[in-house]
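Have a look at the structure below, then the notes.
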Amino acid sequence: MRTVHFALAATAALGLAACSTTGPANKLLTLDGNPPLVIAHRGASGQLPEQTLEAYARAVELGADVIEMDLVSTKDGVLIARHDPNLAISTDVAKHPRFASRKKTIKVDGETQTGWFSNDFTLAEIKTLGGISTDPERPQDFNGKFKIPTFQEIIDFAKAKSKETGRTIAIYPETKNPTYFRDLGLPMEDKVIAAINAAGWNSKTAPIYVQSFEPGSLKYMKAKGLKTRLIQLIDGDGIDMKTGAMTYAVPVDRPYEWTKAGDKRNFDVMVTPAGLAEIKTYADGIGPWKRYIVSIKGSIGSDGKPLDVNKDGKINDADATSVSPTTLVADAHKAGLFVHPFTFRNESRRLAADYNKDGRNEYAVYYKLGVDGVFTDFPDTAIAARADYLKSLGR
Ligand SMILES: [Ca+2]
Ligand SMILES: [Ca+2]
């Protein structure tokens, strides 16, 4: 209903000589009425090794409003930008013989992993490593060429880029595996707050958003005086292609602090009205996996298994189609929370068939639903889709 009404109103506005920016015709359904933010997830990670200053510079060049980073700790307690404590995933550590003996198998948030872990390396050692692409289907030409930045270096970078471009480049740090690091005696939160205070960014209007999957990490920082916007991330493991329902599995079934405390609820409790009301007590927004807003469903064969609809020998999102949106965006807005879903990607294997292999079609659906921002590996595509969307509203 909302979409239909919206489309009719927009059409009517085209007949007017002057469009008011506050009139219903071109009204955006975002919480604050502003266009949705384009958040460069790990930088321009579709093009360059993620979470390097080079990937962030490319994102800024492509026009991103915000650059996103995950924070993990080194052995000497310095916050660096990496998605995982396990350096094998996104660095060339395996190619450094001097670190061979540090390879080990441990549990991270209940998941068994083999590799090299950031908490076993000093910052000086980390600085001898290079970032690599985390996706074999993306460009590999820059593997090992760019260094791993510290949180402080990214803050300095964002300030310099804002000055250079005349735009405000905001940052979006995430406390990653905060319970894991706290248990190792390397808690991150006080260091995050100290860096934000030193940057002069400890306010709701500063160009910074602080995110975590663990409510305890956000609650702790709020209690310790962090006044920036806070975002509760909400994950899931996969989609049951038969029903379109979210599935849950370790380590993305629930915040690890819940698992540790014996709390068996999954992330889905966070998207109920009661869950959203609880989040509103300590956060300003939610960052849900996009499937909580628009899920997908496959075609099921007589053997009960999903069909390889496009016959490319693989079963993935391209063999599925979108189902009707949930009410999550409207529900979150009603609770006073903004909504930044993750993660949007260009590859056709990651796009439901109804988007016709064009990521812009996926953004269009979410923009129309009123999301307040999108986490994307391809900021230029998100920006192009946003321009089309704003134009369609006569803005
Ligand atoms: Ca992240
Ligand atoms: Ca297929």
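The structure presented is a predicted model; accordingly, all values stated were derived computationally and were not measured. Just follow the structure's listing: the first ligand is 1, and inside any ligand the first atom is 1.
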Q) Salt bridge check: are Lys104 and Asp120 linked by an N-O gap of less than 4.0 Å? A) yes
Q | Test of ring centre spacing under 6.0 Å for His340 and Phe338 | A | yes
Q) If the Ca ion (ligand 2) is the vertex, what is the angle to OD1 of Asp308 and OD2 of Asp319, rounded to 10 degrees? A) 110°
Q) Checking only N/O/S atoms, does Asn316 have one that is under 3.0 Å from the Ca ion (ligand 2)? A) no
Q: Please note down the angle at the Ca ion (ligand 2) between OD1 of Asn310 and O of Lys314, to the nearest 10°.
A: 160°
(Q) If you consider just the N/O/S atoms, which atom of Asp70 is the closest one to the Ca ion (ligand 1)? (A) OD1
Q | Shortest-distance N/O/S atom, Glu174 versus the Ca ion (ligand 1) | A | OE1
(Q) I want to know whether Tyr389 and Tyr363 have ring centres closer than 6.0 Å. (A) no
Q: Report the residue from Glu164, Lys161, Lys159 that forms a side chain to side chain contact (heavy atoms under 4.5 Å, CB included) with Ile169.
A: Lys161
Q.
Quick check: Tyr256 with Phe213 (ring centres under 6.0 Å apart)?
A. no
(Q) I'd like the atom name of the N/O/S atom in Glu68 lying closest to the Ca ion (ligand 1). (A) OE2
Q. Tell me, which N, O or S atom in Asp312 is closest to the Ca ion (ligand 2)?
A. OD1
Q: Dump the intermediate steps for ring pair (Phe, Tyr, Trp, His ring centres under 6.0 Å) on Tyr292 and Phe267, then the final yes or no.
A: CA-CA 10 Å; Tyr292 280 104; Phe267 271 115; 8.0 Å; no
